[in-house]
Protein chains: 2
Amino acid sequence: MDQIDRALIAQLQRDATQSYAALGQSVGLSAGAVHERVRKLRERGAIRATTVDVDPKALGLGVLSYVMVDSNAWMGDTAAAFAALPEVQEAHVIAGAASVLLKVRTPTTEQLQDVLRRIYDISGVSGTQAIVVLETFFERPIAVG
Amino acid sequence: MDQIDRALIAQLQRDATQSYAALGQSVGLSAGAVHERVRKLRERGAIRATTVDVDPKALGLGVLSYVMVDSNAWMGDTAAAFAALPEVQEAHVIAGAASVLLKVRTPTTEQLQDVLRRIYDISGVSGTQAIVVLETFFERPIAVG
DNA sequence: GTCATAACCTGATGTCATTCGGTAGAAATT
DNA sequence: AATTTCTACCGAATGACATCAGGTTATGAC
């Protein structure tokens with residue numbers, strides 16, 4: 001993982017549709033060499049997947065919120081329970097007052113309420129605190145440096 | 001944006017490297033028809049970009065945290081100030097006690113402390129509360145339904 | 001200095017993206 | 001109802017590109 005690999009990752013984050021020849025141009029290598037480097041980055045898991053970035057609004061998911069989940073039990077093995085809720089985009093175990101932090105996308109705040117109800121149904125959950133996003137400044141890829 | 005478009009988006013989220021012929025197989029259309037549909041999804045902005053999903057650990061960014069920023073002024077036009085901090089991956093204006101919520105990735109907790117220091121330097125910021133993630137259950141694409 | 005390994009380049013091959021002409025169905029107009 | 005218009009689709013053709021292989025240079029170990 002040298003400076004060229006980082007440059008390649010940065011380029012691919014910006015636009016993963018560009019050709020290996022174009023990538024080679026921007027880092028000063030041949031298409032073949034770039035192909036081999038990217039293949040290894042995928043193999044090692046540094047590049048997990050090639051995906052598309054979708055506009056949530058286009059899917060009718062206009063409401064973004066973060067939910068702090070309080071619990072009265074060990075939450076270390078409840079990943080599947082949260083994953084079963086399709087509105088939950090991220091789930092993290094956190095240090096501090098609450099024990100789990102969720103990123104939730106719903107069409108409306110009414111549907112958020114319904115998600116909160118389903119969260120309460122999960123074993124060990126004792127309470128929730130929802131933080132509704134009013135405006136997203138930005139969501140961007142990880143900075144590669 | 002019909003059911004076929006949603007299926008295409010779901011497929012592309014899973015793997016954007018597959019051929020249009022393969023995509024056509026999974027939705028029952030020809031490669032040409034799929035090509036045209038995807039082109040329009042990009043044009044409309046439903047598909048914002050094609051990118052790679054990078055493992056933060058591979059870039060040495062092992063610490064994920066969320067930072068609640070308290071303020072004593074209107075924070076509606078401070079997007080650029082937060083965007084200037086490369087460790088900040090997301091920034092949202094939120095309803096509730098704090099006024100901005102940040103998603104921050106750093107190599108270490110010491111570097112998180114340094115980011116907090118730089119956040120304090122932003123005009124209008126009166127305080128911060130950092131929530132450190134102990135374990136990420138999952139981070140996944142938006143559910144297309 | 002020599003050997004071994006890894007990274008690279010160039011060129012060849014097959015696959016695929018992209019485009020085009022034509023067709024069928026749906027919707028709007030007369 | 002007939003006609004027109006528009007949209008989505010298919011199948012084929014073309015050119016670009018991913019992918020692979022053979023040979024070469026650079027890198028590092030002994």
Side-chain angles (χ1 to χ4, degrees), chain A residues 1-62 107 139-145, chain B residues 1-62 107 139-145:
Chain A
M1 171 69 72
D2 59 6
Q3 208 51 44
I4 292 181
D5 283 336
R6 301 182 97 91
L8 288 174
I9 287 176
Q11 283 292 323
L12 289 172
Q13 279 180 334
R14 198 175 58 76
D15 177 15
T17 68
Q18 59 191 312
S19 70
Y20 286 115
L23 287 171
Q25 280 285 329
S26 58
V27 301
L29 287 179
S30 72
V34 169
H35 185 267
E36 179 67 7
R37 275 179 177 263
V38 173
R39 192 190 63 74
K40 283 180 183 165
L41 285 170
R42 289 187 208 276
E43 191 180 74
R44 287 179 225 153
I47 294 177
R48 289 195 191 124
T50 301
T51 60
V52 289
D53 177 30
V54 178
D55 181 4
K57 296 244 177 75
L59 296 176
L61 298 172
E139 293 179 282
R140 63 187 181 190
I142 302 172
V144 302
Chain B
M1 172 69 71
D2 60 6
Q3 209 51 43
I4 293 181
D5 282 337
R6 301 182 97 90
L8 288 175
I9 287 176
Q11 283 291 325
L12 289 172
Q13 279 180 333
R14 197 175 58 76
D15 177 14
T17 68
Q18 59 192 311
S19 70
Y20 285 115
L23 287 170
Q25 281 285 329
S26 58
V27 301
L29 286 181
S30 71
V34 170
H35 185 267
E36 179 68 8
R37 274 179 178 265
V38 173
R39 191 191 63 74
K40 282 179 184 165
L41 285 170
R42 290 187 208 277
E43 191 180 75
R44 288 179 226 151
I47 294 177
R48 289 195 191 126
T50 301
T51 59
V52 289
D53 177 29
V54 178
D55 182 3
K57 296 243 178 73
L59 296 176
L61 297 172
E139 294 179 282
R140 62 187 181 188
I142 301 171
V144 302

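Below, read A as the first sequence line, B as the second, and so on, with proteins coming before strands; counting in each chain starts at 1.
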Point to revise | A:Asp2 CG - D:dA26 P separation (whole Å) | key: 17 Å
Point to revise | Between CG on residue A:Leu8 and CZ on residue A:Arg37, distance to nearest 0.5 Å | key: 6.5 Å
Point to revise | Within residues 13-36 of chain A: residues closer than 4.0 Å to DNA chain D (heavy atoms) | key: A:Ser19, A:Tyr20, A:His35
Residues 20-32 of chain A, side-chain donor-acceptor partners within the protein, below 3.5 Å, at least two apart:
from, atom 1, to, atom 2, distance (Å)
A:Ser26, OG, A:Leu23, O, 2.9
A:Ser30, OG, A:Ala33, N, 3.2

Review point. Tell me, which of residues 37-48 of chain B have any heavy atom that sits under 4.0 Å from an atom in DNA chain D?
Key: B:Arg37, B:Lys40
**Study point:** B:Asp53 side, atom CG; B:Arg140 side, atom CZ - distance, nearest 0.5 Å
**Key:** 14.0 Å
Practice item. Grab the two heavy atoms, one from A:Gly145 and one from A:Gln3, that are nearest each other, plus how far apart they are. Key: O-NE2, 3.9 Å
Exercise for review: Look at the side chain of B:Gln18 and the backbone N and O of B:Gln11, then say whether any donor-acceptor pair between them is shorter than 3.5 Å.
Suggested key: yes
Review point. For B:Ile142 and B:Gln13, what are the C-alpha separation, side-chain angles and deciding distance, and is it a side-chain contact (heavy atoms from CB on, under 4.5 Å)?
Key: CA-CA 9 Å; B:Ile142 301 171; B:Gln13 279 180 333; 4.3 Å; yes
Exercise for review: Would you name the heavy atoms of B:Arg44 and B:Met1 that are closest together and state the gap between them?
Suggested key: NH1-N, 3.9 Å
Exercise for review: Give the C-alpha distance, both sets of side-chain angles, the deciding distance and a yes or no for salt bridge (charged side-chain N to carboxylate O under 4.0 Å, His left out) between A:Glu43 and A:Lys40.
Suggested key: CA-CA 5 Å; A:Glu43 191 180 74; A:Lys40 283 180 183 165; over 6 Å; no
Side-chain donor-acceptor pairs under 3.5 Å in residues 54-62 of chain A, sequence neighbours left out?
from, atom 1, to, atom 2, distance (Å)
A:Asp55, OD1, A:Lys57, N, 3.1
A:Asp55, OD1, B:Arg48, NH2, 3.2

**Study point:** Under the salt bridge (charged side-chain N to carboxylate O under 4.0 Å, His left out) test, residues paired with B:Arg42 that sit two or more places apart
**Key:** none
Review point. For the helix from C:dG1-D:dC30 to C:dT30-D:dA1, how many degrees between its two end axes (five pairs per end), to the nearest 10°?
Key: 40°
